[in-house]
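Both backbone and side-chain heavy atoms feed into the values below; hydrogens, waters and symmetry mates do not. Index from 1, following the sequence. Computed from a predicted model, the values in this text were never measured in an experiment. We count ligands from 1, going down the list as the structure has it; atoms in each ligand are counted the same way.
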Amino acid sequence: MFKYLVASILGLFLLGCLEQSKNQGSQSKIEGEEEAVLVEPPHVPPPIKRSHNTKVIVKLEVIEKKMNITDGVEYTFWTFGGAVPGKFIRVKQGDLIEFHLRNNPSSKMPHNIDLHAVTGPGGGAVSSFTLPGHESVFSFKALKAGLFVYHCATAPVGMHIANGMYGLILVEPPEGLVKVDKEYYVMQGDFYTKGKFGAQGYQPFDMEKAIDEKPTYVVFNGSTNSLKGDKALKAEVGERVRLFVGNGGPNLVSSFHVIGEIFDNVHREAGSNVDHNIQTTLVPAGGASIVDFQVDVPGNLILVDHSIFRAFNKGALGFIKVEGEENKVIYSGKIEDNVYLPEGGAIQEVNEKEERTIAKTLEDQIKLGKNIFVQNCAACHQPDGKGVTGAFPPLAASDWLNKDPKRAISVVKNGLTGSITVNGEVYNGVMPALGLSNEQIANVLTYVFHSWENNKHIITPQQVKAIPIEKAKENH
Ligand SMILES: [Cu+2]
């Protein structure tokens with residue numbers, strides 16, 4: 001009887017151990033070996049198909065190189081694998097990772113790596129300290145599943161991180177992640193340059209701003225342009241999109257949000273619990289989040305840090321371009337634009353106003369255009385047309401405006417994103433499409449062209465009509 005009891009307690013104990021090893025992957029059997037496929041942002045390696053654990057050999061090279069942080073602005077980035085963030089690493093819980101950190105001979109600095117997926121001193125930092133032209137090797141067991149930040153931890157640590165030395169390693173749980181249609185890699189970082197936002201030419205790192213935590217740029221994937229235009233992320237209506245979101249910092253915490261979407265599933269702080277129906281998820285410096293959502297209607301979704309000045313004034317903006325069939329039930333688009341008179345103003349007056357959008361003389365057109373300007377444009381471009389330096393470009397004596405009236409029509413009709421230079425200043429904001437009629441656009445631009453030393457173009461509704469509507473921008 002006593003023997004039986006001991007045996008069963010022992011048995012339970014062993015079972016407990018097994019259970020734990022299954023959870024932690026520390027005792028898993030390693031079969032064979034393979035070299036990891038490392039992938040540059042915004043892409044990620046494909047999901048892992050094998051069901052066993054293996055030795056994964058990771059070869060990552062540190063490269064110091066100049067790249068553009070925004071149009072016309074060069075910065076010396078220190079990178080893991082030539083990109084910011086560094087190349088994406090994908091392994092399975094229980095795998096043994098043999099890590100080769102190489103430091104390109106052209107580097108000026110020694111570097112190392114601290115992976116938050118490592119259980120061990122410094123996350124591998126001391127073992128991986130590597131001089132230019134050298135390679136360090138160490139290994140670790142991926143004990144826990146999750147999405148982990150890796151970063152350089154060579155002194156001055158803040159400076160190495162501020163120069164772009166971070167990336168993500170995904171440790172898949174044994175059963176893998178739920179299947180989705182598209183997976184993307186987005187990592188936020190704050191940058192500190194001597195010149196202010198958009199100041200042209202080469203910009204060196206500014207230690208004082210970094211210590212004061214006053215970034216010049218806050219961007220996704222190392223540049224204000226990394227997820228714009230041709231480089232916008234893509235999806236089709238009906239698809240499920242997963243974003244592996246990281247934050248390299250070095251200083252700021254991100255309030256990550258996608259304008260026009262609700263996250264169906266969020267692994268908050270990239271842990272194993274999944275929350276649903278989240279609007280904005282916090283991504284700490286040196287932390288990550290895994291979000292997914294189904295896209296239901298076409299248009300542009302906008303990735304932002306919802307600490308919103310960072311998005312519109314420091315660069316933390318990116319796009320997911322969704323293509324496919326409209327679904328007017330889920331989102332109608334603008335159905336009507338009605339005159340609203342709260343005091344129950346005279347019907348007669350309304351009728352007169354509506355009629356009066358069609359101008360009969362140039363003088364009339366300018367007068368009507370001025371009203372439209374005051375109501376629709378002045379909030380951003382200011383009543384005197386001088387704009388706000390760094391945020392809203394001037395319309396007064398604007399070289400950009402006067403150069404190409406057709407382009408100006410398109411801006412008011414379709415909105416504008418991406419970097420432009422107006423009178424020597426770089427602007428990289430979002431001008432929304434305002435849904436004005438062709439007559440209204442003709443009138444407001446004619447007013448603008450006849451004000452503040454602009455060059456007196458007359459814009460007709462026919463000209464406005466001739467400029468194509470850009471569909472993708474409609475849903476902003
Ligand atoms: Cu470094």
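Here N112 does not reach the Cu ion (ligand 1): none of its N/O/S atoms is less than 2.8 Å from the metal.
Ring centers of F138 and F99: under 6.0 Å apart, within the cut-off. Aromatic rings of F148 and Y150 (six-membered ring for Trp) have centroids beyond the 6.0 Å cut-off, not under it. Taking the six-membered ring for Trp, H116 and H151 have ring centres closer than 6.0 Å.
Taking the Cu ion (ligand 1) as the apex, the angle formed with ND1 of H160 and SG of C152 is 110°, to the nearest 10 degrees. Our summary of the site lists the angle at the Cu ion (ligand 1) between ND1 of H111 and SD of M165 as 90°, to the nearest 10 degrees.
In E325, the CD atom is not crowded: 12 or fewer heavy atoms of neighbouring residues, nucleotides or ligands sit closer than 6.0 Å.
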